[in-house]
2 protein chains.
Amino acid sequence: MATRTDAPTRREQILKEAARLFAERGFHGVGVDEIGAAVGISGPGLYRHFAGKDAMLAELLVGISESLLRGAKRRLEEAEGVAPGAVLDSLIEGHIDFALDDRPLITLHDRELDRLRDADRKLVRQLQRQYVELWVGVVRRHYPDLPEPAARSAVHSVFGLLNSTPHLTRPGSLPDRAGTAELLHRMARGAFAAAARS
Amino acid sequence: MATRTDAPTRREQILKEAARLFAERGFHGVGVDEIGAAVGISGPGLYRHFAGKDAMLAELLVGISESLLRGAKRRLEEAEGVAPGAVLDSLIEGHIDFALDDRPLITLHDRELDRLRDADRKLVRQLQRQYVELWVGVVRRHYPDLPEPAARSAVHSVFGLLNSTPHLTRPGSLPDRAGTAELLHRMARGAFAAAARS
DNA sequence: CAGGGAGGTTAGCGGTCGTTAACCTGAAGG
DNA sequence: CCTTCAGGTTAACGACCGCTAACCTCCCTG
């Protein structure tokens, strides 16, 4: 995997700033002029790169959903044959990395879905559903006695737990990334274990 | 406690519908005409009851925060002298009841805070902080070895877990309220216990 | 039975927002 | 050296939105 060292393209700059602004003030609370100003150009200049404001949100949400699902699939394949508990740990770790490193995206992910055009929303929902079902499968392999509906609820709840990071430590980045990650990981595992103790 | 049987006032109708709409489409995504239509009057008619759209959101958010804090204080007092674990259970139960019965409000509570005027936002934040600190105190009494910053992070994360209910079961009300509540309760307890296992 | 206030109505104003149109500019390529 | 084109610019349009103004209509009350 070529960890990119080249400068980000203008499109990428725009997406990054748009994500931050959308997460801070909501999709309808941000004007195109603000997004443009955040990357040093003026509002209408954005239309050289995107068809419209909606298209930016769509690309962000589809990108997140695909990235989450792709990462989870990769971790599932890599863990072929190992203990199901280890696979679950790997999924949790991946989700925490995402939540800690791409906080605006995680926020948008479950907050602005309904602002999408029908086709895009369907796609994002489908990707999200696949991601959830992948988790449900792993959880049930590790806790065979946990009924499927309960497992699905538990997965959603653990997502809520892991996605709570944006609420911690408002402005500056987290004080102790490793410690926070480890605490979240332990809590997620504890929550699943408690869900399985019928 | 006089469980009210009388009809809701117009103000209350408006607040309820506004909460639902704000939660569904975001504060900026809802027009006053829509809110009016939801209670059978037209947009400007709302101004007989509220100073403006901002005032509705402010009243909603202050109301939620006060209600949560008041309930938690009451539960804390009622549990004078009992085991700290039981107090924690009572707090969890209260928060779950709120999350299950007032889903739009719980959604607004951590989503639209930044749309408030400065004075209102300060007030709501202060109430939220008191609520969190009350939880932190109870958690630390039950798990004395858990350091305070970790306890605070754990409380925020458990809120994320409990507040995830709006994401479960999209349209209709939950299939099994009691079962859902019990699952959430167990998971919250498991998450706290895991956080305390250094 | 006057009258006055509570709670509506519609018309419209001023501002903002997303988007388009028309134009400009600097760098690359034949 | 001329052309082209990617990537900007400003001006402006149309739609929408929050809110006010002006008016109406019951219903209660002295």
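Chain letters run A, B, ... following the sequence lines, proteins first and then strands; every chain starts at 1.
- The closest side-chain donor-acceptor pair between B/His109 and B/Asn163, if any, does not fall under 3.5 angstrom.
- The main-chain N or O of A/Ala86 is never found under 3.5 Å from a side-chain atom of A/Ser90 such that the two would form a donor-acceptor pair.
- A distance-only check finds a donor-acceptor pair linking the side chain of A/Arg103 to the backbone of A/Thr165 [under 3.5 Å].
- Between B/Lys73 and B/Glu77 there is no salt bridge, since no side-chain N of the basic residue sits under 4.0 Å from a carboxylate O of the acidic one.
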field: Contact pattern, 5' to 3', of nucleotides 16-29 of chain D - B, S or - by protein heavy atom under 4.0 Å
entry: --SBB-BB------
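- Note: CZ (B/Arg11) to P (C/dG8) measures 13 Å, nearest angstrom.
- By the 30° and 60° cut-offs, the orientation of the rings of B/His95 relative to B/Phe159 is parallel.
- A straight line from CZ of A/Phe50 to P of C/dG18 spans 15 Å, rounded to a whole angstrom.
- A straight line from CG of A/Leu57 to C1' of C/dC17 spans 17 Å, rounded to a whole angstrom.
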